[in-house]
Amino acid sequence: MRQHIRRRSRIMLTSSALLASALFAGAASAQDTGSPQVQARSEQTVTAAGKRLAIAAEVGLVPVASKPGHADATAGYISYVGPARADRPVLFIFNGGPGAASAYLQMGALGPMRAHVPQDPAAVLPARATVSENPETLLDIADLVFLDPPGTGFSRISADADRSFYQSVKGDADAAAQAAQAWLTAHGRTAAPIYILGESYGTIRAAAMVDALRTHAPALALRGILLLGQALNMIETSQRPDNVVAYPVSLPTLAAIACYHHKRPGSCDPTQSAAEASAFGPTYLDALFRGGALDGAARTKIAAKLEALTGISAAYYLAHDLRISKEQFRVELLRDEGKVLGRYDARYTAPRPADAGDVVGPDAFSPVSDLYGKAVLGQLARIGVADPADYRVIVRFPGDWAYGAGDSPFNDWPFMAQLEKNMAANPELRLFVGTGLFDLTTTVGATDYLFAQASLPAERYHNARYPAGHVAYSDDASWHQLVTDIRAFLRAGSSQ
């Protein structure tokens, strides 16, 4: 890749572990406790929108605090800054987990370099993905800052840190907001239009981060929130067994997947199949709501329609009270072929031992995600990091993660309500949501239901779907359309 990227400067600091220790030791007494500490920086040239651009690539750490004056963790960033311009947007980007670094979005979708994965879900995957310049990068119109929450990437949580803070929605988002504010201040970008993009759990972080930024830096020009694989309405996403709304909400995804795997009778189109299932949703919901009061003939008719939509037999639906969970669907759809569907992208399948029962094993899509995690190490080396192997793509945090709902059955997860409140207070703030049609985690129906229950006017949000899975950009056609949509969203904000 040397012919594509020209490095002019080498590493500034050689050990992320030593740097993190130094930050913990000195942050409490330093006056600029939130100032980024640069690990590596290089000047590069990239192609964006068909033009060669000079950019500055930088890897750094920011001390963050669980309470004022007590810096007990660091957050990491990998940023790419293009030609200076006062109105040039800054896009903060992160993945989810909790416990994931930003490697996937950087190497799969938006960074200056992109890892290419096989497009046939049945193909044998290579040990490493081919990496080349990303012709769709947004660096011609925005600066990109990939954030790594405390504990991921090169960032660390100190031994005496308040883990209950960092392992909570509120604290995790607050740490991300501290890191973003520090980056903007250090790079002279506090007057820039600000956008936040989160994927999966990162969509919850993004929504909560709006609250945190309004608290820490109310003068920032926050213009847009972008959510990929949104999880704001977790009740529908988690599919609690007795929440009857969750089954019609998931039905469009099941129908699209059944069509993809040729389990629906006759010819079909996944997008149209999802639309047909969505139209049947109210009838299905009414049947589930009526429960035992639904007569036998009506129950049989509903089961027959569900079989036609999802490829799961009417007998199965009748035996399971007209319900099938997303996890059951993964096991049942291709049971006769000895396969189980991928959770994050149901186009992918994995072998299923005959005696496995309902155990589904590792997710079939995970090896694809791993390719992005490996590819980011090469990108860090290109920037000038001496030991990229210290970069942690996935971290398993000890203990539980606090979502803020508590144990009371009367509590809810009000993530969308908080975002709506902030959008009402900021008329210039808009929302973008992108969902994969074959995603069995955060489904297209859950997103449609999210907006159906929201109070946002249509001109304030964009609801897009792509013929791919949770990591929609792993599919090249979906990746191209996704970046095109994001580019249009950013440009629409600059024209306000």
Side-chain angles (χ1 to χ4, degrees), residues 233 235-343 345-347 349-350 352 354-361 364 437-449 452 469:
N233 51 347
I235 290 178
E236 285 70 48
T237 300
S238 60
Q239 204 170 39
R240 290 175 175 175
D242 289 329
N243 175 21
V244 294
V245 173
Y247 298 97
V249 160
S250 298
L251 191 62
T253 294
L254 307 192
I257 294 167
C259 176
Y260 177 87
H261 287 287
H262 309 291
K263 293 299 181 179
R264 292 196 62 187
S267 61
C268 61
D269 172 78
T271 299
Q272 293 176 355
S273 295
E276 182 184 354
S278 181
F280 181 65
T283 301
Y284 184 26
L285 178 61
D286 178 69
L288 293 174
F289 183 81
R290 292 169 65 186
L294 189 69
D295 65 66
R299 186 177 295 271
T300 299
K301 184 177 180 181
I302 293 292
K305 180 63 175 179
L306 290 171
E307 176 179 346
L309 286 170
T310 69
I312 302 298
S313 72
Y316 186 97
Y317 273 106
L318 290 171
H320 291 81
D321 201 20
L322 299 180
R323 310 175 193 202
I324 183 170
S325 71
K326 294 181 291 185
E327 286 298 294
Q328 288 172 314
F329 181 78
R330 292 181 62 209
V331 174
E332 293 300 324
L333 185 68
L334 302 181
R335 180 187 283 272
D336 60 345
E337 299 178 25
K339 298 176 183 177
V340 61
L341 301 174
R343 179 185 294 115
D345 192 329
R347 298 176 303 163
T349 63
R352 182 179 173 280
D355 59 349
D358 291 333
V359 177
V360 294
L437 189 60
F438 304 115
D439 179 4
L440 268 172
T441 49
T442 57
T443 62
V444 292
T447 298
D448 290 344
Y449 185 71

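This chain uses plain numbering: 1 for the first residue, then up along the sequence. Remember, it's a predicted structure, so these values are computed and weren't measured experimentally.
The main-chain N or O of Leu440 is never found under 3.5 Å from a side-chain atom of Arg343 such that the two would form a donor-acceptor pair. Using a distance-only test at 3.5 Å, with no hydrogens or angles considered, no donor-acceptor pair links the side chain of Tyr284 to the main chain of Ala277. For the pair Thr300 (side chain) and Gly296 (backbone), a donor-acceptor distance under 3.5 Å is present. Checking side-chain atoms of Asp321 against main-chain N and O of Arg323 turns up no donor-acceptor pair under 3.5 Å.
Listed by first then second residue, pairs satisfying salt bridge (Lys or Arg N to Asp or Glu O under 4.0 Å) with a partner in residues 300-310 read Glu276-Lys305, not counting sequence neighbours. Counting only residues at least two apart or on different chains, the salt bridge (Lys or Arg N to Asp or Glu O under 4.0 Å) pairs with a member in residues 277-293 are Asp286-Arg290. For residues 282-316, there are no disulfide bond (SG atoms under 2.5 Å apart) pairs, not counting sequence neighbours. Sorted pairs that involve residues 292-332 and meet disulfide bond (SG atoms under 2.5 Å apart), not counting sequence neighbours, are lacking altogether. Applying the ring pair (Phe, Tyr, Trp, His ring centres under 6.0 Å) test to residues at least two apart or on different chains, the pairs with a partner in residues 248-283 are Tyr260-Phe438. Listed by first and then second residue, the disulfide bond (SG atoms under 2.5 Å apart) pairs involving residues 254-340 are Cys259-Cys268 (not counting sequence neighbours).
Proximity of Leu254 to Ile324: side-chain heavy atoms (C-beta onward) are separated by under 4.5 Å at one or more points. Counting heavy atoms from C-beta on, the side chains of Ile257 and Phe329 come closer than 4.5 Å. By the 4.5 Å heavy-atom criterion applied to side chains, Arg352 and Val331 are counted as neighbours. Between Ile312 and Leu306 the shortest side-chain heavy-atom distance does not fall below 4.5 Å. Counting heavy atoms from C-beta on, the side chains of Thr443 and Lys326 come closer than 4.5 Å.
Partners of Thr441 under the side-chain hydrogen bond (donor to acceptor under 3.5 Å, both in side chains) rule, at least two apart in sequence or in another chain, are Asp439, His470. Phe289 pairs by the ring pair (Phe, Tyr, Trp, His ring centres under 6.0 Å) definition with nothing, not counting sequence neighbours. With sequence neighbours left out, the salt bridge (charged side-chain N to carboxylate O under 4.0 Å, His left out) criterion links Asp336 to Lys263. Taking Ser325 as the reference, Gln328 meet the side-chain hydrogen bond (donor to acceptor under 3.5 Å, both in side chains) condition, with sequence neighbours excluded. Partners of Thr447 by side-chain hydrogen bond (donor to acceptor under 3.5 Å, both in side chains), not counting sequence neighbours, listed by chain and number: Gln230, Thr435.
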Which side-chain N or O atoms in residues 241-249 pair as donor and acceptor under 3.5 Å with protein atoms at least two apart or in another chain?
from   : atom 1 : to     : atom 2 : distance (Å)
Asn243 : OD1    : Val245 : N      : 3.4
Tyr247 : OH     : Pro241 : O      : 2.9

